[in-house]
2 protein chains.
Amino acid sequence: MANRRASITDLAKTLGLSPSTISRALSDHDDVSEATKARVRQLAEELHYQPNQLAAALRRGRSNTLGVLVPHITGHFFPQVVHGIATEAAKLGFNVMICQSNEDAQQEQKNIDLLMNSQVEGILVSLANTTQSFGHFEAVRQQNIPLVFFDRMVEDFQGSNVSAVVVDDYQGAYQVVTHLIEQGCTRIAHFTGPLHLSIHKNRHQGYRDALTAHGLPVDEDLIACFDMNQKNGAQAMRQFLKLPQRPDGVFSSNDLAAVGALQVVKAQRLRVPEDVAIVGFSNEMFTSLTEPMLSSVDQRCEQMGKTAVQLLQKMLKSGPNRVGPPKPIVLKPKLLVRESSQKRR
Amino acid sequence: MANRRASITDLAKTLGLSPSTISRALSDHDDVSEATKARVRQLAEELHYQPNQLAAALRRGRSNTLGVLVPHITGHFFPQVVHGIATEAAKLGFNVMICQSNEDAQQEQKNIDLLMNSQVEGILVSLANTTQSFGHFEAVRQQNIPLVFFDRMVEDFQGSNVSAVVVDDYQGAYQVVTHLIEQGCTRIAHFTGPLHLSIHKNRHQGYRDALTAHGLPVDEDLIACFDMNQKNGAQAMRQFLKLPQRPDGVFSSNDLAAVGALQVVKAQRLRVPEDVAIVGFSNEMFTSLTEPMLSSVDQRCEQMGKTAVQLLQKMLKSGPNRVGPPKPIVLKPKLLVRESSQKRR
DNA sequence: GTGAAAGCGCTAACAC
DNA sequence: GTGTTAGCGCTTTCAC
């Protein structure tokens, strides 16, 4: 049967002290004599005393717990970010409660309530892609619980205790296209996903602007918009290769579609990168397994998680009467040039 | 400033009722009049009343929270399992607190304490690979907190409230080798990682036994033991291909090394699977990206998480005075035959 | 340097 | 059907 765990009261009785003294001794308060502290600590050790965090949290009004709400913990991106969050939170002494919205606005709402009821001290959220209204975050703001969006944020949701960490997709795309141009590409195709998603929108814009900035025309025939998987990437590439003037470079908004393209180009006995250079986006694990290895853009997933927690911590410290909203933090993505786009001389 | 959130006492005062009535009304207790319930609910709605879980948990002695402790949330396996856990837990109405041990026994110990202090109702653990002693789990057992190991378990740690969910690696390997034999392979090589890790040990044993069962000799020259990455897999394959009698099949204990082998075989102008059939293990995402697509073994990661939570739930329900320890649940892995091992006729 | 007392917000016996 | 009371385990003022 369960040995009831030792409580502060138990320690107090055994040592003939008051609960308050025990509590103070355990938290190493200044005005407890060293002698007493020693006795208390020793007994605590012996009885395997473990403080009841729930009680302490209730009393203090602080739970030492951060809430995390992500669309899901699958794929490449979110696990990495969550890993960054969990690691940094542990370092700063926070527990982490994790919920998934499953890309559903309703579940998101419920989970936010849940986290608030659990008295988390701050919340880290990446929005479900179906979320359209933000009433549930209103409550968070009213309670003045620090809120940090990461990756997927609400653009116009301001508040003194609301902030965000995102990665600069535009910049990443711009770097890719610039790199391809430097490699001598002049007809650079682009694979993009649905443009109502900001990630694709921003990468697409980076593509256009980089071309223009380098004096190249934007050819709408070289832009393919589809559901970004390997099969569709292959399909799109086949179409491009049929063009009278085929592209000599491809920037794909994700790695999966890029792999599809890579396979098609190779199958047609064209060389990568000499005939067609290819760059993906996200730096998925498999990018270094392809032949040739696929250039891609690292989104700094772990860094994003880490930064988000640090930001939250800062907001917690600065207290409720801070001035303006902190500016969103924009992480610089990192272009990783591998064989698929590095032309030999 | 933070509007203090409405409490039960607040509702009670406003409605001229007692806190207990409010509490009962909110939890839809039988002996509160419908009229009262309606009034209470309406006011609760208006004031956006949210119950303080901490207080309720403290009072009830039940936190409604499960603790999860994994080595890390990176790679392929753990994110998937965690996803399964989180999804199932949410379905059953549990919150989830997640910690990482970073493969470090000390952190594991600390995290276990942390979870217990947080009054989790049950704990799901996958062991750090450095864990040698199990004192920290002793405490869990003494408190009679249900404990479920998944994937990496302690073999001889029994207890009425301890159980485990694992996948049958031996069986998976056995299936692979049987399949290769059915495809006509007679010289089947094996890549394995360090044999003190049970996953590799079991897969290795499955390999040997399957060969023997089908009347094939176990040739030690066809077994390579190394750190299982792509490079080393390629290296090992090169060695094998130099043998006077080269292998006509390869069973790799993970997918990464299998990809290395695949690339080498192709580079030497041998055909996969006709000349050399290759099968990996884990069903990583990239297995369907290779050319030819790599056969592999699905470890049912999500199912494992789901099953672990269900098991925990069962243990919680059956109460502290159950009889023997539940038997470990062994999941059947699933062989996925893809192009790399399916010989055409 | 230590103790007494109050109370965080909730629930559950027990009364009526 | 509703109210009264007590208390989960802890921290913290205030008193000495």
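Worth saying up front: this structure is predicted, and the values here are computed from it rather than measured. So you know, we letter chains A, B, ... as the sequences are listed, proteins then strands, and number each from 1.
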Return the value, rounded to whole Å, for the distance between atom [atom1] of [X] and atom [atom2] of [N].
{"X": "Asp31(A)", "N": "dT12(D)", "atom1": "CG", "atom2": "C1'", "answer": "12 Å"}
{"X": "Asp28(B)", "N": "dG1(D)", "atom1": "CG", "atom2": "P", "answer": "13 Å"}
{"X": "Leu26(B)", "N": "dT2(D)", "atom1": "CG", "atom2": "P", "answer": "13 Å"}

Pairwise side-chain contact, [X] with [Y], heavy-atom cut-off 4.5 Å (strictly under):
{"X": "Gln50(B)", "Y": "Met116(A)", "result": "no"}
{"X": "Val120(B)", "Y": "Leu66(B)", "result": "no"}
{"X": "Thr65(A)", "Y": "Gln119(A)", "result": "no"}

Given dT2(C), dG1(D), dG3(D), identify the nucleotide with an atom nearest to the side chain of Thr36(B).
dG1(D)

Distance check: side-chain N/O of Ser33(A) vs OP1/OP2 of dT2(C), anything under 4.0 Å?
yes

Any side-chain N or O of Thr21(A) below 4.0 angstrom from OP1/OP2 of dT2(C)?
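No.
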
Enclosure of Lys37(A) NZ (heavy-atom neighbours >12, cutoff 6.0 Å)
yes

Can you tell me how far CZ of Phe134(A) sits from CD of Glu108(A), rounded to the nearest 0.5 angstrom?
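Between atom CD of Glu108(A) and atom CZ of Phe134(A) there are 8.5 Å.
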
If a protein heavy atom is under 4.0 Å from the base, mark B; if only from the sugar-phosphate, S; if neither, -; do that for nucleotides 7-16 of chain C going 5' to 3'.
BBBBBBB---

The helix from dG1(C)-dC16(D) to dC16(C)-dG1(D): angle between end helix axes, five pairs per end, rounded to 10 degrees
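Rounded value for the end-axis angle: 40°.
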
When every non-hydrogen atom of Pro71(B) is compared with those of Gln100(B), the smallest separation belongs to O-CB, 4.0 Å

